Student: 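This is the structure I want to talk about, given as structure tokens.
Throughout, a chain's letter reflects where its sequence line sits, starting with A, and its residues are numbered from 1. What you see is a predicted model; the values in this text were computed from it and never measured.
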Amino acid sequence: MRYTSPPNQQSYYEQVWQLVRQVPYGKVVTYGQIAQLLPPPIDVELAAYKALSPRWVGDAMAACPKDVPWQRVINAQGQISERSGAQRQRQLLEEEGIIFVKDKVDLKQYQWQGPGHADEPRQATLF
DNA sequence: CGCTTGACCGGAA
DNA sequence: ATTCCGGCCAAGC
């Protein structure tokens, strides 16, 4: 497996945590989504950033402070990333009203749209 | 000092 | 649908 780290790891991690703190109850975000919402650090090529940043976010979550709703961060497949503690994460999300189907959540329904964006449940089907 | 081991993702095969 | 690959680091034994 390949790895990298952001130039200023501590600073990057704090930006990640700050963003995750804004995720509302009952919503989820993906690692890649958080990475996308953050500005690429200077000295990091855009292509490299796109390829590596989701894992930086994962690294940040592995070290996140207690006041961060870490359970609301899942992977781009709508699943909880494999590790010890995954079961606890699922439990917390289910307590927030999130439904799992075949170990996956419906991102269309639960994914947070980002800061400054109203997160009303969209009326999808209307015919 | 030298391994080993990671909360990822999108595109290609 | 499923598997494979590139990206090319750093903290903990």
Student: Could you measure between the two P atoms, the one in dG10(B) and the one in dC9(C), and give it in whole Å?
Tutor: 22 Å

Student: Show me the pairs that pass side-chain hydrogen bond (donor to acceptor under 3.5 Å, both in side chains) and involve residues 37-52 of chain A, at least two apart or across chains.
Tutor: Y12(A)-Y49(A)

Student: What's the CG-P distance between L52(A) and dA7(B), to the nearest Å?
Tutor: 16 Å

Student: In whole Å, what separates the C1' atom of dC1(B) from that of dG12(C)?
Tutor: 14 Å

Student: Who passes ring pair (Phe, Tyr, Trp, His ring centres under 6.0 Å) against Y110(A), sequence neighbours left out?
Tutor: none

Student: Quick one: D43(A) CG to dC9(C) P, roughly how many Å, whole number?
Tutor: 15 Å

Student: Specify the residues of residues 8-17 of chain A, ordered by number, for which at least one heavy atom lies under 4.0 angstrom from an atom of DNA chain B.
Tutor: none

Student: Nearest-Å distance, CG (L37(A)) to P (dC8(B))?
Tutor: 18 Å

Student: Would you compute the distance between atom CD of Q89(A) and atom CD1 of I74(A) and round it to the nearest 0.5 angstrom?
Tutor: 7.5 Å

Student: Just how far, in rounded Å, is P of dC8(B) from CH2 of W56(A)?
Tutor: 15 Å

Student: Can you tell me, in whole Å, how much space there is between the P of dA7(B) and that of dG7(C)?
Tutor: 22 Å

Student: Could you tell me how far apart Q33(A) (CD) and dA7(B) (C1') are, to the nearest whole angstrom?
Tutor: 15 Å

Student: For a quick check under 3.5 Å, do Q71(A) and E96(A) share a side-chain donor-acceptor pair by atom type?
Tutor: yes

Student: Tell me, please, which residues at least two apart from E94(A) pass salt bridge (charged side-chain N to carboxylate O under 4.0 Å, His left out).
Tutor: R90(A)

Student: Just to be sure I understand the geometry, which residues of residues 68-81 of chain A put a non-hydrogen atom under 4.0 Å away from DNA chain B?
Tutor: W70(A), N75(A), A76(A), S81(A)

Student: Run the salt bridge (charged side-chain N to carboxylate O under 4.0 Å, His left out) test against D106(A) and tell me which residues pass, sequence neighbours left out.
Tutor: none

Student: Residues sharing L46(A)'s hydrophobic cluster, by side-chain heavy-atom contacts under 4.5 Å among ILVMFWY, directly or via others?
Tutor: none

Student: Name every donor-acceptor pair, under 3.5 Å, that has one atom in a side chain of residues 58-69 of chain A and the other anywhere in the protein, sequence neighbours excluded.
Tutor:
| unit_1 | atom_1 | unit_2 | atom_2 | d |
| --- | --- | --- | --- | --- |
| D59(A) | OD1 | Y3(A) | OH | 3.4 |
| D67(A) | OD1 | R21(A) | NH1 | 3.1 |
| D67(A) | OD2 | R21(A) | NH1 | 2.7 |

Student: Whole angstrom is fine here: how far is it from NZ in K50(A) over to C1' in dG6(C)?
Tutor: 14 Å

Student: Please give, in whole Å, the distance from dC9(B) P to M61(A) CE?
Tutor: 13 Å

Student: Using links of under 4.5 Å between side-chain heavy atoms of ILVMFWY residues, direct or through other members, which residues join I42(A) in one cluster?
Tutor: none

Student: Measure from OH on Y31(A) to P on dG10(B) and round the result to the nearest Å.
Tutor: 14 Å

